[in-house]
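Let me begin by presenting the structure, written as structure tokens, before commenting on it.
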Amino acid sequence: MSYSKVSCQRRRSIRMVAWCLVLALAGCTRRQAPVTRQWLCMGTVAVVSTPRGQEAHLPRVHAIVSETFAEIEQNLSIFRPDSTLSVINTAAGSGTSVPLGVHAAATLALAYDAAAAGHGAFDPTIGPLMTLWGFRGTPRTQPPDEAEVTAARARVDWQAIRLDTSSNGNGMPVASLERTDMALDLGGIAKGYAVDCAFDRLRAAGESDFLINLGGNIRGHGRPGPARAGWRIGVRDPFHHDGMLGTVTLADGEGVATSGNYERFVELAGIRYAHIIDPRSGHPVRGMAGVTVIAPTAVQADVLSTTLFVLGTEEGSRLLEHSSGCHALWVTDETPPRLLPSPGFATRFVPSP
Ligand code: ADP
Ligand code: MG
């Protein structure tokens, strides 16, 4: 696979941006701009939009989406001790199988498949490494030493998830972790899953023109207005708070997600580390500023953006070739950054002038 390379000429300072702004609506005049509602959930900003002129739909769209997100957060958050995920983590290594509700069963199955497809570059048991590097629990000021990394890495193993989605005698799916001190962390998939779930409920409720954005995990249906081809999404410039690298227009029902190194990070001994960790080395990924993925669903875009951030362009492009309907843009963390779109992304991407 070959990549068209576009260099950004300006030196840009890295700035922290609100995650909700990583991908933003672009290209609307105020008269045409969709109407939106915004709130905080799942540790980020959620936004729903409907076309101007269809304002009457907005309260219902907001109610369905916000209820769905709250329900999923309740089940999957590692920050809630009573969530299904926390119960599985607490029971790790004990041999106890934890009964799963529909959301936990579906996300764990999707996460397991994503781990297998990416040969472990995506690993939902990344918890011990997230804690070691100070993204969870006690903050730290110095990077861990290699012996600590090796020890934590040994506790990260997606193949040690025991998942039975068929039965436990009652017909209820169950899951457990084989070893003590393992910990699930679904931060790389839960938001995309939640967007898809809300999308399906809106469609079932008869809504046809809307855009859902949960912290840069986006999926739309229909159009933002009568004279518009589809929802147009701005790909934010990771180096420039107000800048946009370009736009893509979503086909009906498509999802898009961005994984970046500039919103969630830790600074240890003066070096900034991204919140995406390569499970093979046990270290946060360096050298990549962001990866944006267009996919048939939001959850596919979410897992692929995290996976391709870890794999980089060479290994990542091989995975992408087997991911039907998925397209990616890698942005390197260098001066000037390089924009490396897959061929499919390049045909969809309209770079900013
Ligand atoms: P965001 O959560 O900011 O939208 P991502 O979708 O890229 O960004 O997910 C990053 C999150 O995924 C991390 O905060 C962590 O919870 C989890 N994570 C980090 N590294 C990995 C990995 N290699 N595989 C799976 N999940 C990961
Ligand atoms: Mg992701």
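As the structure lists them, so they are numbered: ligands from 1, and atoms in each ligand from 1.
For the residue pair Thr258 / Thr292, a side-chain donor-acceptor distance below 3.5 Å is found, with atom types taken as modelled. For His57 and Glu207, the side-chain atoms include at least one donor-acceptor pair closer than 3.5 Å.
Taken to the nearest 0.5 Å, the CZ atom of Phe122 stands 6.0 Å off from the OG1 atom of Thr307. Between Leu76 atom CG and Asp185 atom CG the span is 11.0 Å, to the nearest 0.5 Å. For the atom pair CG of Leu320 and OG1 of Thr313, the computed distance is 11.0 Å after rounding to the nearest 0.5 Å.
Considering both main-chain and side-chain atoms, Arg136 comes within under 3.5 Å of ligand 1 through a nitrogen or oxygen pair. Considering backbone and side-chain atoms together, Val310 places no N or O closer than 3.5 Å to any N or O of ligand 1. Inclusion of Asp185 in the set of residues having an N or O under 3.5 Å from an N or O of ligand 1 is warranted. Distances between N or O atoms of Ser305 and those of ligand 1 include no value under 3.5 Å. For the pair Ile126 and ligand 1, the shortest N or O to N or O distance does not fall below 3.5 Å.
Interface atoms of ligand 1 facing Ala121, defined by a heavy-atom separation under 4.0 Å, are 22 (C), 23 (N), 24 (N). If you number the atoms of ligand 1 from 1 as listed, the ones under 4.0 Å from a heavy atom of Ser259 come out as 5 (P), 6 (O), 7 (O). Residue Pro279 has at least one heavy-atom neighbour below 4.0 Å for each of these atoms of ligand 1: 23 (N). Counting atoms of ligand 1 from 1 in the listed order, those under 4.0 Å from a heavy atom of Thr306 are 5 (P), 6 (O), 7 (O), 9 (O). Those atoms of ligand 1 with a heavy atom of Asp302 less than 4.0 angstrom away are 6 (O).
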Under 3.5 Å donor-acceptor pairs involving side-chain atoms of residues 107-121, not counting sequence neighbours:
| from | atom 1 | to | atom 2 | distance (Å) |
| --- | --- | --- | --- | --- |
| Thr107 | OG1 | His103 | O | 2.6 |
| Thr107 | OG1 | Ala104 | O | 3.4 |

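For atom 14 (O) of ligand 1, the nearest non-hydrogen atom from the set Met42, His275, Lys191, Arg280 belongs to His275.
Residue contacts with ligand 1: Gly192 is excluded, as none of its non-hydrogen atoms falls under 4.0 Å. Residue contacts with ligand 1: Gly216 is excluded, as none of its non-hydrogen atoms falls under 4.0 Å.
The distance cut-off of 2.8 Å around the Mg ion (ligand 2) captures these protein N, O or S atoms, sorted by chain and number: Asp302 O, Asp302 OD1, Thr306 OG1.
The hydrophobic cluster containing Leu132 also includes Ile126, Leu129, Met130, Trp133, Phe135, Val149, Val156, Val266, Leu268, Ile271, Tyr273, Ile277, under a criterion of side-chain heavy atoms closer than 4.5 Å among ILVMFWY residues, counted directly or through chains of members.
By the criterion of a heavy-atom distance under 4.0 Å, both the backbone and the side chain of Ile276 are placed next to ligand 1.
In the hydrophobic cluster analysis, where Ile, Leu, Val, Met, Phe, Trp and Tyr join through side-chain heavy atoms closer than 4.5 angstrom, Val350 is grouped apart from Val256.
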(request) List the steps, then state whether salt bridge (Lys or Arg N to Asp or Glu O under 4.0 Å) holds for Arg219 with Asp196. (result) CA-CA 7 Å; Arg219 195 167 173 198; Asp196 284 344; 2.9 Å; yes
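Checked by atom type and distance alone, the side chain of Thr247 never pairs as donor or acceptor with a backbone atom of Arg232 at under 3.5 Å.
Here the closest non-hydrogen pair linking Leu184 and Thr125 is CD2-CG2, 4.0 Å.
Note on residues 84-99: no pairs pass salt bridge (charged side-chain N to carboxylate O under 4.0 Å, His left out), not counting sequence neighbours.
Using a 4.5 Å heavy-atom cutoff, the side chains of Ile294 and Arg348 are in contact.
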